[in-house]
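So the structure is just underneath, and the comments pick up after that.
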Amino acid sequence: MTDTRFDPAVADERWQRAWTDAGTFTADSDSPKPKSYILEMFPYPSGRIHMGHVRNYTMGDVLARYQKMRGFEVLHPMGWDAFGMPAENAAMEKGVHPGGWTRQNIAQMKAQLQRIGFALDWTREFATCDPEYYGHEQALFADLYEAGLVYRKESTVNWDPVDMTVLANEQVIDGKGWRSGAEVEKRKLNQWFLKITDFADDLLEGLGKLEDWPEKVRLMQENWIGKSQGLEFSFDLSDGGKLPVYTTRPDTIFGASFCAIAADHPIAQGLANDPEVAAFIEACKRGGTKAAEVETAEKLGYRTAITARHPFTGEPLPLFIANFVLMEYGTGAVMGVPGHDQRDFEFATKYELPILRVVATDPARAGDPFKGEAEAGDGVIVNSDFLNGMSVEAAKQEVITRAESGGWGEGRTVWRLRDWGVSRQRYWGTPIPFIHCETCGVVPVPKDQLPVTLPEDVSFDIPGNPLERHPTWKHVDCPKCGAAARRETDTLDTFVDSSWYFLRFASQPADRPFDPEEVAKWMPVQHYIGGIEHAILHLLYARFWTRALAQIGKITVQEPFAALFTQGMVTHETYSRTDPARGVPVFFSPEEVNRTSEGASLLADKAPVEVGRVIKMSKSKKNVVDPDAIIARHGADAVRWFMLSDSPPERDLPWSDAGIEGCARFVQRLWRLFSAYDAAAQGEDKALDRKTHQTIAAVASDIEALGFNKAVARIYELTGMVEKAAPSASRSAAIRALVHLAAPMMPHLAEEAWAKMGEGLIADAAWPAVDPALLVDDEVTIAIQHMGKLRDTVTAPKGASKDTLEALAMASANLQRSIDGAAIRKVIVVPDRLVNIVT
RNA sequence: GCGGGCGUGGCGGAAUGGUAGACGCCGGGGACUUAAAAUCCCCUGAUCCUCGAUCGUGUGGGUUCGAGUCCCACCGCCCGCACCA
């Protein structure tokens with residue numbers, strides 16, 4: 001072989017075409033092989049692939065290629081989460097159509113992904129904005145409506161009066177619309193909801209079985225679902241009314257010294273004809289909802305003339321309207337127990353209300369004063385009549401039992417999770433397939449009329465929903481009575497689109513969303529890989545949607561993703577200078593900067609720039625490296641190798657020029673080694689055989705555990721050893737093994753090498769078999785310790801007896817010098833490991 | 001405030017309670033070359049140094065023959081949630 005350099009510019013494209021032509025990665029549902037479904041979170045088509053995508057998809061790609069080599073029929077698809085606001089923003093800013101803009105972005109990004117050589121089944125590609133896709137989604141939505149899992153209700157939303165649209169909470173910044181900057185209003189609108197709360201218990205329960213999900217994500221979902229158990233009961237009010245409250249601490253009921261209701265509680269509203277009350281309610285509304293504001297906000301209350309009668313003592317408790325009580329949670333009213341709730345403590349201190357101790361560490365301390373804060377911890381109930389001496393847990397039960405038998409309250413489970421509002425006053429989304437008729441009410445669009453497609457002729461020159469003001473689109477006849485009716489102009493939250501796409505990848509008949517039997521062959525997804533930012537919303541919605549479809553009999557699987565992996569971000573240091581006039585940093589991109597080991601300077605003026613922290617690549621900090629440029633320069637395999645090296649996949653990966661250059665060098669180094677392959681070499685090299693087989697086994701288990709950085713390190717080790725080895729049959733076998741080990745990670749290089757030493761495509765080859773006999777060394781290094789400190793090492797045969805090892809150790813001069821004649825009290829021998837002498 | 005994670009060389013990081021720093025990057029020295037690139041070899045935690053020794057995994061304790069790893073307390077950084085009764 002004469003090639004001394006591997007040329008990715010030629011090889012990458014050659015093998016990408018070879019895989020496409022052979023249909024290498026086309027998944028066959030009818031294959032008798034065991035199935036493996038590998039999925040990465042599909043991208044939003046923003047226009048460019050970024051390093052985060054490359055890292056995400058490289059990990060999935062290694063798994064997919066490895067699984068294929070292990071004999072699995074692999075489904076590894078790709079598509080586009082194509083609806084959403086950026087397309088409408090582009091339409092407004094550039095005067096382009098959202099559809100055209102999105103399609104163009106998809107074409108660009110697909111070409112980019114193909115240049116990285118991912119083992120994707122492109123025959124299953126789709127975009128959520130394809131009418132074929134969202135039409136099936138509309139059908140599923142209608143099915144869920146029929147099953148009672150979709151409903152409409154009036155709810156309060158964030159309304160941007162300038163853009164004339166509903167905003168998600170995340171789009172409200174300091175009370176203003178993120179685009180328009182206008183003061184956001186609270187509006188009551190009729191909205192579509194999905195009944196996710198029906199599944200709250202099941203979604204929570206299911207988390208316990210997701211053993212291959214990160215603990216962190218499970219906890220985040222658990223907190224989000226927010227199950228709490230307590231007592232709901234009613235106070236009799238002095239004005240003759242009743243006040244239902246909810247508490248998780250019924251055990252502290254004897255410590256209650258006031259009641260408080262939310263500003264938008266009906267009782268507070270009823271008092272609002274008093275101008276003082278009205279003013280207080282207004283003041284509460286003005287209070288910000290931002291985390292920082294909430295934390296520092298003072299507890300404020302308005303004392304009404306009403307009192308509430310304590311259910312056990314009969315004491316009258318003052319009723320306050322308070323700014324810290326939320327109408328959305330529980331009953332919008334609380335009993336205040338200042339001794340054992342920090343908020344109530346602050347409130348009681350300000351308004352000089354009694355602070356009673358009803359829980360103490362032991363009964364003798366029932367009179368202890370509080371030390372400036374509430375005591376929310378466990379203990380024994382005191383100062384509480386019949387509850388005295390009980391544990392907190394027992395007292396909770398006792399109070400609930402008495403309330404239930406007395407008929408004035410009952411045990412209740414309350415969830416933090418709310419039903420999922422899916423209405424968006426937007427154009428670029430799935431039209432909600434319903435028609436509003438004066439006489440028939442809300443009528444689903446008949447299935448044979450789906451999809452309800454988006455009109456093409458829309459304008460974005462003025463704010464608001466283009467569907468709403470389209471001249472003809474919304475005017476339709478009622479499917480039931482035929483009278484003139486109005487089409488729903490809201491579209492679905494794009495999270496709906498991503499809640500079932502993995503099912504459509506598994507099976508895509510034309511006439512139905514998916515085929516249940518086909519889906520059952522592939523689901524659940526074996527490895528789902530994506531960013532931690534989707535820990536709650538997307539992953540919770542997808543789990544819910546899967547359950548909902550199972551409940552209405554569409555599928556049998558309950559959990560969509562058997563294992564979840566959340567990968568770290570790709571980061572880069574930042575380069576900046578402080579603008580002397582405005583005092584703010586001005587950032588420079590890596591291309592504008594000359595980075596040396598000492599520091600960094602701007603290429604333009606040679607003057608230094610400040611090297612900032614290593615943070616996530618972002619346009620605003622200009623610390624972005626474009627994958628295309630890197631691939632053009634170093635080839636796809638070097639980039640893939642970099643993505644897998646060094647950092648554990650769940651942690652952040654700092655990008656560096658030196659790092660990618662090192663990877664490119666290693667690609668060439670491997671190429672030289674592969675080029676030196678000699679099929680005819682003779683002779684055995686037992687040590688190398690051992691190393692080869694140990695490496696094959698270790699790389700396999702590392703990949704299976706997604707420990708790509710460790711697999712990479714082992715490949716480096718074996719490479720080093722093979723390079724130093726003399727020619728032999730063992731060395732040739734090691735080189736062949738290395739091609740296989742490299743194949744999932746550096747597929748183009750591996751194919752190029754395999755073309756010269758093997759048959760067919762390495763992508764189709766089997767993972768090399770391991771000889772168990774070669775996995776164990778016949779010689780081991782034994783550590784010789786004195787008092788646990790290393791004094792010497794010695795080589796011994798594997799499995800040597802304890803006596804042999806002890807004798808070997810005692811013969812060590814270094815050990816004897818350390819012992820220095822002291823009496824030996826104990827000898828610890830760990831076979832094949834160490835000998836420790838205790839004196 | 002609540003919940004979670006992480007602290008190991010100049011850097012990214014290895015290490016079933018058993019030789020800390022595998023592997024990579026950076027750096028230093030050398031070989032080859034007219035020269036450079038490429039490649040190859042050696043060194044590279046700190047201190048004292050001749051063998052070798054001492055110290056060393058955020059800090060302080062503890063368990064153990066032996067602790068980066070287990071336990072307790074603390075410090076720092078990062079992430080998520082947050083007036084959820």
Side-chain angles (χ1 to χ4, degrees), chain A residues 4-5 214-224 226-228 230-231 245-249 252 260 262 287 289-299 322-326 328-337 340-344 346-347 373 376 414-417 532-533 535-536 596-597 614 641-642 645-648 650-654 656-663 665-666 668-669 672 707 709-717 719-720 723 781-793 814 817-818 825-830 832-839:
Chain A
T4 51
R5 277 192 69 78
E215 183 67 18
K216 180 189 173 82
V217 174
R218 285 151 67 185
L219 279 165
M220 282 165 75
Q221 292 212 355
E222 191 182 318
N223 292 337
W224 187 264
K227 182 179 189 173
S228 78
L231 170 70
V245 299
Y246 173 73
T247 177
T248 55
R249 292 296 302 273
T252 63
T289 52
K290 299 284 295 178
E293 292 165 348
V294 164
E295 197 172 348
T296 53
E298 195 181 5
K299 305 276 177 291
N323 65 343
F324 68 93
V325 181
L326 306 173
E328 307 85 66
Y329 188 81
T331 61
V334 299
M335 68 167 188
V337 184
H340 306 286
D341 180 285
Q342 185 59 25
R343 291 155 304 173
D344 296 349
E346 287 168 33
F347 191 81
E373 58 180 14
V414 169
W415 305 88
R416 186 184 172 280
L417 184 71
I532 185 74
E533 67 273 19
I536 296 172
T596 67
S597 51
V614 178
W641 188 248
F642 184 96
S645 303
D646 296 348
S647 288
E650 69 278 9
R651 281 203 225 166
D652 289 350
L653 172 67
S656 76
D657 288 341
I660 185 67
E661 279 158 24
C663 292
R665 272 200 302 275
F666 183 65
Q668 297 302 336
R669 191 175 147 201
R672 285 192 299 276
N709 56 322
K710 290 186 236 173
V712 161
R714 294 187 198 281
I715 291 174
Y716 273 117
E717 271 186 71
T719 302
E723 282 171 339
T781 306
I782 304 295
I784 298 174
Q785 299 179 339
H786 176 213
M787 304 299 287
K789 289 196 182 211
L790 183 72
R791 284 294 174 263
D792 206 350
T793 58
N814 283 350
R817 187 169 344 115
S818 183
R825 291 194 293 136
K826 200 168 170 187
V827 178
I828 290 150
V829 181
V830 182
D832 297 335
R833 280 254 177 218
L834 59 80
V835 179
N836 186 19
I837 308 298
V838 185
T839 56

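Lettering of chains follows the sequences in order, A, B, ..., and the numbering in each one begins at 1.
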If we take the [atom1] atom in both [N] and [M], what is their distance in whole Å?
N	M	atom1	value
B:rU69	B:rU64	P	16 Å
B:rU16	B:rG21	P	14 Å
B:rG17	B:rU59	C1'	22 Å

Between [options], which nucleotide gets closest to the side-chain atoms of [X]?
X	options	value
A:R817	B:rG52, B:rG80, B:rA85	B:rG52
A:N709	B:rG18, B:rU19, B:rA14	B:rA14
A:R665	B:rA85, B:rU19, B:rC25	B:rC25
A:R343	B:rC40, B:rG12, B:rC84	B:rC84
A:L790	B:rG18, B:rA20, B:rA22	B:rA20
A:Y246	B:rA85, B:rA14, B:rG18	B:rA85

Is there a side-chain polar atom (N or O) of [X] under 4.0 Å from OP1 or OP2 of [N]?
X	N	answer
A:Y329	B:rA85	yes
A:K227	B:rC84	no
A:R416	B:rA82	yes
A:R218	B:rG4	no

Any strand is fair game: report the nucleotide pairing with [N] by Watson-Crick or G-U wobble, both distances under 3.5 Å, or none.
N	value
B:rA53	B:rU47
B:rC23	B:rG12
B:rC6	B:rG76
B:rU34	none
B:rG1	B:rC81

Quiz item: Is the closest side-chain donor-acceptor distance between A:Y246 and A:S228 under 3.5 Å?
Solution: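 Side-chain D/A pair, A:Y246 to A:S228: present.
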
Quiz prompt | Toward the 5' end of RNA chain B, by each residue's nearest nucleotide, A:V712 or A:T331 | solution =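 Of the two residues, A:V712 wins.
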
Quiz item: Has the side chain of A:K710 got a donor or acceptor atom sitting under 3.5 Å from an opposite partner on the base of B:rC23?
Solution: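 Answer no: no donor N or O sits under 3.5 Å from an acceptor.
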
Exercise. Classify the nucleic acid contact of A:L219 as base, sugar-phosphate or nothing, counting any heavy atom under 4.0 Å across all strands shown.
Key: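 The residue A:L219 makes sugar-phosphate contact but no base contact.
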
Self-check item: Audit row: A:W415, A:Y329, ring pair (Phe, Tyr, Trp, His ring centres under 6.0 Å) steps and yes/no
Solution: CA-CA 8 Å; A:W415 305 88; A:Y329 188 81; over 10 Å; no

Quiz item: Is there a donor-acceptor pair closer than 3.5 Å between any side-chain N or O of A:N836 and the backbone N or O of A:M787?
Solution: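 Here the side-chain-to-backbone pair exists.
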
Quiz item: Is a salt bridge present between A:E723 and A:R669, judged by a nitrogen-to-oxygen distance below 4.0 Å?
Solution: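 So A:E723 pairs with A:R669 through a salt bridge.
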
